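Have a look at the structure below, then the notes.
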Amino acid sequence: MNNKEKTGDQHVHLYGAETYPEDGANRDIVPLEGSLHRGLKPRHVSLIAIGGVIGTGLFIGTGTALSNGGPVGLWLGFSLFGVLTFFMMLGLGEMCAYLPITGGQLTYAGRFFDPALGFALTWSTTIHWALTCASELSAVAVLVNYWLPVEKVNNAAWIAISYAVIVVLNLTTSGVYGETEFIFSSIKVLTIVGLIILGVCIDCGAGPTGHYIGFHFWKDPGPFAQYLGIPGTTGRFLGFWAVFIQAAFSQVRYGGVEFFAISAAESANPRLSIPRAMKQIYVRIGVFYILGTIILSLLVPYTNNRLGTASNAAASPWVIAIQLSGIKALPHIINACLITSAWSAANADLYISSRCLYNMAHKGLVPKVFLRTHRYGTPYVAVLTMGLIPLLAFMTVSTGAAEVFGWFVNLVSVMGLCEWTAICVSYLGFRRAWAAQGFNRDSLPYKHRLALPGAYICCAFFPLIIFFSAWQVFRHTGRDFDRAAFVTNYLPAFWFLVMYSGYKLYARTRVIAPTEVDLVSNLAEIEATIEERPDSTTFSGKLRTWFF
């Protein structure tokens, strides 16, 4: 039985969809998306997906990771988490290509598994990305300090300028947002690809110094660092684990690889663009995570005292390698690219948090005023409301408050891991319902054979990462116990469980039986947007199709 043959009564939940009349022959299309406009083109969705893989953590955070884990520890840690990211994306891609609706994964959690999970995921994601937007605005200011120290121009000026730009961009249209993200993501892609090529050249001795490096730093000072001076294999393993945790935090905090699922509701042709974006993701993970970190591990010894000492280009191992090779101007170009990366992330963060708030209003969790859109289809009330939270970035202007704000950054990282776990759980609910209701997997617009085992692996690893994310605090007890690190690492997971359990008790929800999961509502509206596009026959057309 395929999708179009499956009809009949539908089990409706708070996080389900608007339903159609039971008479399948006379169903009217219900406009699921309200007044949101589908202004994102396939190339926008592709670049949003690819840009989400590349965060500032891949440019700067790898410095601390290299110092903690050594070259092999760096490569293994980032590569392993890249594989986990790939697994999570496979399941999300299947759900999103099949049902690209308002809220994306926020709706899937309540529609395919449990309304209480949808409630917890929605609130967590909304707060998470609004806070992350604030951290990215402060990152812009710190990156500008590479050229202009704070003594000359107060960081509040750079934060204010960045804030004004992203609010204006988010108040325009989804098409404008998609175009700006296309440009910003293109810069990030060109930057990381250029750095990888440059890294190969430097390693082979093509720099001004002409010094051939090869795998020298894998031998001296060695492949693994002794984390915190802990001797033996224990110290080396803990170094790798520290890198693994940092790779997770960097990707979840700065990457936003799952953004495309929420933006799919505003994609002009999601059944075309999402499968295309997903088919390219394994190449991106392989190039940016696995190849990128192995090249980087060759260029700088993990004993370099500049690694992890700043939050701008000065501490980037890429910049350190370039300077050691004798190249002068490139560090400034890289810092400029990092600024666009942080600016892009802030723009995307506000977009996602506002759509999350719109999604909550769509489900009746917050007042309907947040459903208001202007004539171009942008939920301006939601944008202006969520735009208040990033004003917390001005806290970083004060040195004392900056430490407090750093705690918020740790909070949102763990929140992100909770959300990724919920996405995988939602996919497991989707798969069991698909099998129980007799649907044919060949009818899915996108599918992958590793999606199901990958979801199980992620459901095991993500909670494990959260559980051991702050193991260092337990090395010292009593007065030396780091209460701030303990709270910021474990409070988000506890709060996520509280939101899930609290709503479950309040609304008396239950895990939806596989045979009762709603898999067909709103498909008519989605299929009405499908545009048949013939395959390109020219070389340029095929190349454009592969990339976008």
Side-chain angles (χ1 to χ4, degrees), residues 51-52 54-64 126-170 180 184 187-188 246 249-256 259 308-316 319 334-354 383 386-416 484-485 488-489 492:
I54 309 170
T56 52
L58 195 58
F59 293 110
I60 299 176
T62 44
T64 302
T126 304
I127 298 171
H128 170 193
W129 291 113
L131 288 174
T132 306
C133 180
S135 69
E136 294 290 358
L137 291 176
S138 63
V140 172
V142 172
L143 289 166
V144 173
N145 292 157
Y146 184 72
W147 298 312
L148 291 172
V150 68
E151 292 79 13
K152 291 186 177 180
V153 181
N154 194 290
N155 280 345
W158 309 120
I159 293 173
I161 293 172
S162 303
Y163 176 80
V165 170
I166 66 167
V167 170
V168 169
L169 288 175
N170 273 270
T180 55
F184 284 142
I187 293 173
K188 287 196 287 186
Q246 184 177 344
F249 276 27
S250 296
Q251 177 57 30
V252 171
R253 184 190 311 159
Y254 297 118
F259 280 4
T309 57
S311 300
N312 54 33
S316 170
V319 171
I334 294 173
N335 195 63
C337 293
L338 291 177
I339 290 174
T340 63
S341 177
W343 214 333
S344 165
N347 185 41
D349 294 340
L350 181 56
Y351 173 88
I352 293 301
S353 62
S354 65
V383 170
M386 297 312 299
L388 297 176
I389 297 178
L391 292 174
L392 290 171
F394 287 100
M395 290 174 60
T396 58
V397 175
S398 168
T399 304
E403 181 182 2
V404 177
F405 190 75
W407 299 342
F408 282 99
V409 173
N410 289 335
L411 286 170
V412 299
S413 299
V414 179
M415 290 169 69
T488 55
N489 278 274

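All of these numbers come straight from a predicted model, not from anything done at the bench.
With values rounded to the nearest 0.5 angstrom, Thr126 atom OG1 is found 6.0 Å from Met386 atom CE. Rounded to the nearest 0.5 angstrom, Ile389 CD1 and Ile127 CD1 are separated by 7.0 Å. Atoms CD1 and CD1, from Ile334 and Ile339 in turn, are 12.5 Å apart once rounded to the nearest 0.5 Å. Interatomic distance, Leu137 CG to Trp343 CH2, rounded to the nearest 0.5 Å: 10.0 Å. For the atom pair CH2 of Trp129 and OG of Ser135, the computed distance is 9.0 Å after rounding to the nearest 0.5 Å.
Results of the side-chain contact (heavy atoms from CB on, under 4.5 Å) test with Tyr351 over Asn170, Leu169, Ile166 single out Asn170 as the only residue that passes.
For the pair Leu131/Leu411, no side-chain contact is recorded, criterion being any heavy-atom separation below 4.5 Å from C-beta on. Two residues are said to be in side-chain contact when any heavy atoms from C-beta on lie closer than 4.5 Å; Ile159 and Leu391 fail this criterion.
Sequence neighbours left out, the pairs with a member in residues 150-162 that pass side-chain hydrogen bond (donor to acceptor under 3.5 Å, both in side chains) are Asn145-Asn155.
The shortest heavy-atom contact between Ala393 and Ser138 is CB-N, 4.2 Å.
Remark: Ser344 pairs with Glu181, Phe184, Lys188 by the side chain to side chain contact (heavy atoms under 4.5 Å, CB included) rule, at least two apart or across chains. Here Ala157 pairs with Val153 under the side chain to side chain contact (heavy atoms under 4.5 Å, CB included) rule; sequence neighbours left out.
For His128 (side chain) and Val412 (main-chain N/O), a donor-acceptor pair under 3.5 Å exists by modelled atom type. Between the side chain of Asn489 and the main chain of Ala485, a donor-acceptor pair closer than 3.5 Å is present. No side-chain donor-acceptor contact under 3.5 Å links Tyr163 to the backbone of Ala134. Using a distance-only test at 3.5 Å, with no hydrogens or angles considered, no donor-acceptor pair links the side chain of Asp349 to the main chain of Ala130.
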